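The block underneath contains the structure these notes are about, expressed in structure tokens.
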Amino acid sequence: HAGIPARDAATRVTATAAGVGGAVSKTPACAARVVTGMAGVALLPTTLPAAVVALLLSGRTVMIEAQRGAHLGQMP
């Protein structure tokens with residue numbers, strides 16, 4: 001917990017969920033908004049950076065089958 005600046009578990013959990021969702025779906029803004037909406041707390045300033053960083057760290061790795069050819073301009 002020392003490396004994570006969030007003080008409570010709810011903030012860490014929502015930031016992690018937004019990060020995973022943003023990296024998997026390649027849509028960090030939508031993932032952050034959905035997770036924040038489901039949590040019912042105003043945590044967008046925490047979840048959005050987490051989702052963007054996770055997206056950048058995931059690189060070109062595609063986890064959803066329908067997205068595999070999208071970066072090459074191919075339709076699945």
Side-chain angles (χ1 to χ4, degrees):
H1 299 273
I4 301 173
R7 293 184 184 266
D8 61 345
T11 304
R12 288 192 299 271
V13 168
T14 54
T16 301
V20 170
V24 169
S25 67
K26 302 294 185 194
T27 55
C30 293
R33 180 66 184 114
V34 167
V35 170
T36 301
M38 289 188 322
V41 184
L43 293 174
L44 195 59
T46 305
T47 56
L48 187 57
V52 170
V53 168
L55 173 67
L56 295 174
L57 290 175
S58 69
R60 300 189 89 172
T61 304
V62 178
M63 297 178 211
I64 299 175
E65 188 65 33
Q67 294 176 336
R68 295 214 185 268
H71 71 281
L72 299 175
Q74 304 168 353
M75 295 302 291

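Because the structure is predicted, anything quoted here is derived from the model rather than measured. Side chains included, hydrogens not; waters and symmetry mates left out as well; all remaining heavy atoms used.
For Val34, the side chain to side chain contact (heavy atoms under 4.5 Å, CB included) partners are Met38, not counting sequence neighbours. Residues satisfying the side chain to side chain contact (heavy atoms under 4.5 Å, CB included) criterion with Leu43, sequence neighbours excluded, are Thr11, Thr14, Val41, Thr47. For Ala50, the side chain to side chain contact (heavy atoms under 4.5 Å, CB included) test picks out Ala15, with sequence neighbours left out.
The two residues Ala18 and Ala32 have their closest heavy-atom pair at CB-CA, 4.0 Å. Of all heavy-atom pairs between Ala31 and Gly21, the closest is CB-C, 3.6 Å.
Residues Val13 and Leu44 do not share a hydrophobic cluster, defined by chaining ILVMFWY side chains whose heavy atoms lie under 4.5 Å apart.
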